[in-house]
2 protein chains.
Amino acid sequence: MKNRVEEIRKRHGIKQEELAAALEVTRQTIGSLENGRYKPSITLAFKLARYFHMSIEDIFIYEEEKENEK
Amino acid sequence: MKNRVEEIRKRHGIKQEELAAALEVTRQTIGSLENGRYKPSITLAFKLARYFHMSIEDIFIYEEEKENEK
DNA sequence: TTTATATGGAAAGTTAACTTGACATTCTTA
DNA sequence: TAAGAATGTCAAGTTAACTTTCCATATAAA
């Protein structure tokens, strides 16, 4: 599961902290997402999609994952 | 978070067990999703979307949730 | 340089998505 | 009506998404 959050956020000219506040999550959650430390919950994916006016599929790229998906 | 999994699955004429096997989850996971006992992980949402050839947004309906979202 | 701002990331705790296993209920169909 | 098939649902356990707290690094500005 890759994502384009960092790229899209920067294109919108906002900080991790601002995005986090807008979505009601912590800055660490945004940072961890951008750096691929974990996948978003579906709720966070929907919040990001709504915030950026994009579809979940345009922000997150699902690739056949290996032995460690859920 | 509402979803149309049961309706879509029935339209495809398959059992919970068959859908579960195709997505590599348990029958209980599908049943619990259909009956609203919990939200899907983003991976399961992507698997369902891919399986049914639909977008996540067409299967799951995100509504401003209350005090218990994440 | 110093200072402030933005980001990276680790550790420990909580919670909910999922599994396994088991039994109950509903629906067919023989 | 009895039996099998599909579904409902619970309890207990695992795991990873997220929080909180904290410190480190990079950059820019003063």
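Proteins come first, then strands; the chains are lettered A, B, ... in the order of their sequence lines, and each starts at number 1. All values below come from the heavy atoms of this structure, side chains included, with hydrogens, waters and symmetry mates left out.
- For the pair Gln28(B) and Arg37(B), the minimum side-chain heavy-atom distance is 4.5 Å or more.
- There is no path of hydrophobic side-chain contacts, each under 4.5 Å, that joins Ile61(A) to Val5(A).
- Contact of the Leu44(A) side chain with the Leu33(A) side chain is registered, since non-hydrogen atoms from C-beta on lie closer than 4.5 Å.
- Distances shown here put every side-chain N or O of Thr29(B) at or beyond 4.0 Å from the OP1 or OP2 atom of dA17(C).
- Looking only at side-chain heavy atoms (C-beta outward), Leu23(A) and Thr29(A) stay at 4.5 Å or farther from each other.
- For Ser32(B), no side-chain nitrogen or oxygen approaches OP1 or OP2 of dC18(C) to under 4.0 Å.
- Between the OH atom of Tyr38(B) and the C1' atom of dT15(C) there is a distance of 14 Å, rounded to whole Å.
- Dashed line: the shortest gap from a side-chain N or O of Gln16(A) to OP1 or OP2 of dG8(C) is under 4.0 Å.
- Within a 6.0 Å sphere centred on CD of Glu17(A), heavy atoms belonging to other residues, nucleotides or ligands number 12 at most.
- Across the protein-nucleic acid pair, Leu19(B) atom CG and dG8(D) atom C1' stand 16 Å apart, rounded to whole Å.
- Summarising the geometry, the separation between CD on Glu34(A) and C1' on dA17(D) is reported as 16 Å, rounded to the nearest angstrom.
- Following rounding to the nearest Å, Ile30(A) (CD1) and dT7(C) (C1') show an atom-to-atom distance of 13 Å.
- Between Leu44(A) atom CG and dT19(D) atom C1' there is a gap of 13 Å when expressed in whole angstrom units.
- The distance between atom CD of Glu24(B) and atom P of dA17(C), rounded to the nearest whole Å, is 21 Å.
- The distance between atom CD of Glu17(A) and atom P of dT19(D), rounded to the nearest whole Å, is 14 Å.
- Checking dG8(C), dC18(C), dA17(D) against the side-chain heavy atoms of Lys39(A) singles out dA17(D) as nearest.
- A donor N or O paired with an acceptor N or O is found under 3.5 Å between the base of dG8(C) and the side-chain atoms of Arg27(A).
- Comparing Gln28(B) and Lys15(B) by the nucleotide of DNA chain D that holds the closest heavy atom to each, the one mapping nearer the 5' end is Lys15(B).
- Going from atom CZ of Arg37(B) over to atom P of dT7(D) covers 13 Å, rounded to whole Å.
- For dC18(C), neither phosphate oxygen OP1 nor OP2 lies less than 4.0 angstrom from any side-chain nitrogen or oxygen of Thr26(B).
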